[in-house]
Amino acid sequence: MIAEVITDVSAHPVDRPFDYIVPERMEAVIERGARVKVPFGNRKVLGFVTAFKDTSDVPVNKLRPVDELLDLEPVLSTEMLELADWMRETTLCFEIDALQVMLPSALRAKYEKVIHIIRAEQLGEEVARFVGSRKTVAVKEFPEPMLPALKRLAKEGAVSIETAIRQRTAVKKERVLVIAGPEQLDHVHALVKKGARRQAELLEWLQSHAGETIPSRDVMEMTGTTRATVRALIEKGAAAEEQVEVYRKPEVGLLPEAAGDPVVLTGEQADAVGRISASADEGREETFLLHGITGSGKTEVYMQVIRRVLEQGKEAIVLVPEISLTPQITSRFKKRFGPLVAVMHSGLSAGEKYDEWRKIQRGEVKVVVGARSAVFAPFRNIGVIILDEEHESSYKQEDSPRYHARDVAIRRAKMHGCPVILGSATPSLESFARAHKGVYTLLSLTERAKQQPLPEVRIVDMREELKNGNRSMFSVELAEAIRDRLEKGEQTVLFLNRRGYSSFVLCRDCGTAVQCPNCDISLTYHRATERLQCHYCGHEEQVPLTCPECGSEHIRFFGTGTQKVQEELHRLLPEARVLRMDVDTTRQKGSHEKLLRQFGEGEADILLGTQMIAKGLDFPNITLVGVLSADTMLRLSDFRAAEKTFQLLTQVSGRAGRHEKEGEVYIQTYAPEHYAVELAKDQAFEPFYGIEMANRKRFSYPPFYYITLIRFSHEDLMTVSDRAQKAVAWLTDKLGPDSLIIGPTASEVARVNNRYRYQCLIKYKKEPKLAGVLTDLVQIYRNTWMKEGLLMSIDMNPSSIS
DNA sequence: AGCACGCCGACT
DNA sequence: GTCGGCGTGCTC
């Protein structure tokens, strides 16, 4: 038997299956989707078995046997193997990357070079002393100066250097005591010596738990005894100690008032649940776009559909944008479905993620709530896949494999015969257009679940404020409104769109900001470290005392970070209690939940934050939302700038007045007449959709055209510009006349990490040749440009082109 | 001669 | 990606 194996080597020339002989002893147990250890060149690597066959085209003398079978139970199903093929084709990634992304990182291999001692007497004094009596030693343990000696020893055959494969995180084991039966314990009683008070105490406790199995640690804790005592009784036969597999228990901070029980549905909600359930019952692969204004109760619809699916013995996947950012929604699922829910998010450790994954794999849970990668949850009988906030750009992975969770969800639904729900108050233009065309089924929720009116939204023209001499971050109106809430004991949420607005250091004399030495971008000032940082390459430096350009001492901080707003807020309203939520205050594990809980329990009057507070926040006492700078995003040179601004403003406004008290929203902007700002005021999605669609059509952008972005980078400006030019010329020649090729142009940030960046954009409606042409372009790249140090990457469906 | 370094091709 | 093989050029 021959196995086809995809090896754990992410590189072009080996992006294909390699044939291996399956040793007889493995033949009965090896399966597709299992991991194996195989010899590859002069080392051992991990690989995935993707197929079997009887004969190979490879010359027999080149074939080598599989070294070791790592999984008796395959880690990837045939569905997943097929899905990986599809991902390779649609995103142009390596097969191995597609396979790896579906598994928890704990299952990935870690390679370590070790030396095996063959003839200890030959080692020489120094090495021998270091090695001691060990048979194998990791190479990295040796001090640098000893390495040449090791090399020589390897050549002489006194030692061998090999790569060991280690699994990153193992199954967690715990010691348990299997306590003997009562008669046996009585028997032990006689053996305990008179003076052994501790043992007698412990034995008495054990007698009251005869026959049970209890974790050793718990036993010691409850009886106040130590290992020595326990061991003494084990020797006398009072109990046996065993190792059992356990799951790690991630800390789940359940938020207090997240409702657990199903609620009575509005007519619209009930209709949505009915239609989706019908589709699920019939096993139809239908995609629904659930368009519901903020506060219309989309989550309740999801949960009732899931309940129906569970009743049929099927499973459900719920995707939310970066889950640690929305503890409220996970709390609701945990409360509703209890132990049937697994949660997968970036806040979990590798071991915790692995444990959650195993629960899914073994069928111990039926619902998974997670971020993007949870779309690969290893369920076998999926009944529904849900993407909440489907317009969120975090569903697109920005590095290889550049997949979109929405596409994967729809693909998996096809294979399982089940519906997909795309939920949003502000759907992506792509999805809404598809719903209009009838590709997706549109379901609308137009009323708020608790019948509250939409909040009153006021747009504040900051140019007027400036004219009137108000140079602060707060307009007179907004400041007044905050003060008003403070007096009433109600809560305020202030939102700062930080992008392009962080603090930087500017010279007042020559007007330049301090730049990163490696990238064409200004450095950002970080209060916590009191240093300047580059967000692209990570470069860090001291804040200069004089301008590096002109030597002037007149340099000062400019721009607005959350810290600065907090200071200004304190000056304005010294009595207000402010909670700040941004990357700096939420870096610690669980701090996000903690801050939200504090705010929910009324420990602060004002919550000040960035993007991360725009979603999911749902507290009854919030009656005021302020957006400090609505239009910073509009300045981005990206075709989605207006869409993103509209979505963000609508989401943020939706945080106010979700319960009994009415809400009010202030949007401060320098572009009050922009349609994205004006229409967000009334959550007027359809009018916005109309205008934006017209613009997209005029400029040939999605959803009218598909786009593919090709990026190039090189240390030398001339080289990158020339190769990009050559690539574009080649594409123009090969692609059909209806495809538009834009560029090459220098990227928005033209240099990152001392590499110059160019890009070009292909726009097309139908281009059957595209896949083939791009594959050929990659061939050219591999054979020529890659060797000169050029990097080229292709994004088949970029969410942003800036 | 002895080796450091960079380039190239192979990996079943 | 990572290795060994091979050529070049430098030093003792």
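Heavy atoms only: backbone and side chains are in, while hydrogens, waters and symmetry mates are out. All figures in this text were calculated on a predicted structure; none of them were measured in a lab.
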*Asks:* In whole Å, I'd like the distance from the OH atom of A/Tyr111 to the C1' atom of B/dC11.
*Replies:* 13 Å
*Asks:* Taking only Lys NZ, Arg NE, NH1 and NH2, and the carboxylate oxygens of Asp or Glu, determine whether A/Lys53 and A/Asp19 approach each other closer than 4.0 Å.
*Replies:* yes
*Asks:* Judged by modelled atom types alone, do A/Glu398 and A/Ser799 share a side-chain donor-acceptor pair under 3.5 Å?
*Replies:* yes
*Asks:* Report the distance from atom CZ of A/Arg16 to atom P of B/dC11, rounded to the nearest whole Å.
*Replies:* 8 Å
*Asks:* To the nearest Å, give me how far apart CG (A/Leu46) and C1' (C/dG1) are.
*Replies:* 14 Å
*Asks:* Separation of A/His12 atom NE2 from C/dT2 atom C1', in whole Å?
*Replies:* 17 Å
*Asks:* Across the strands shown, which category fits A/Tyr20 at heavy-atom distances under 4.0 angstrom: base, sugar-phosphate, nothing?
*Replies:* sugar-phosphate
*Asks:* Does a side-chain N or O from A/Lys787 land closer than 4.0 Å to OP1 or OP2 of B/dC8, or not?
*Replies:* no
*Asks:* How many angstroms lie between CE in A/Met87 and OH in A/Tyr403, if you round to the nearest 0.5 Å?
*Replies:* 6.5 Å
*Asks:* Nearest whole angstrom, please: distance from the P of C/dG1 to the CD of A/Glu112.
*Replies:* 21 Å
*Asks:* Rounded to whole angstrom units, what separation is found between the CG atom of A/Asp8 and the P atom of C/dC3?
*Replies:* 14 Å
*Asks:* Could you tell me how far apart A/Asp19 (CG) and B/dT12 (C1') are, to the nearest whole angstrom?
*Replies:* 6 Å
*Asks:* Can A/Glu79 and A/His416 be counted as having a side-chain donor-acceptor contact under 3.5 angstrom?
*Replies:* yes
*Asks:* For the pair made of CG in A/Asp67 and P in B/dC11, what is the distance, rounded to whole Å?
*Replies:* 18 Å
*Asks:* Could you check whether the rings of A/Tyr395 and A/His404 sit parallel, tilted or perpendicular, using 30° and 60° as the cut-offs?
*Replies:* tilted
*Asks:* I want to verify a distance call: between B/dT12, B/dC11, C/dC3, whose nearest atom is closest to the A/Arg64 side chain?
*Replies:* B/dT12
*Asks:* Could you please name the option among B/dT12, C/dC3, C/dG1 that lies closest to any side-chain atom of A/Phe18?
*Replies:* B/dT12
*Asks:* For A/Pro39, which contact category applies under a 4.0 Å heavy-atom criterion: base, sugar-phosphate, or nothing?
*Replies:* sugar-phosphate
*Asks:* Would you classify A/Lys44 as touching base, sugar-phosphate or nothing, given that sugar-phosphate means primed atoms plus P, OP1 and OP2, and contacts are heavy atoms under 4.0 Å?
*Replies:* nothing
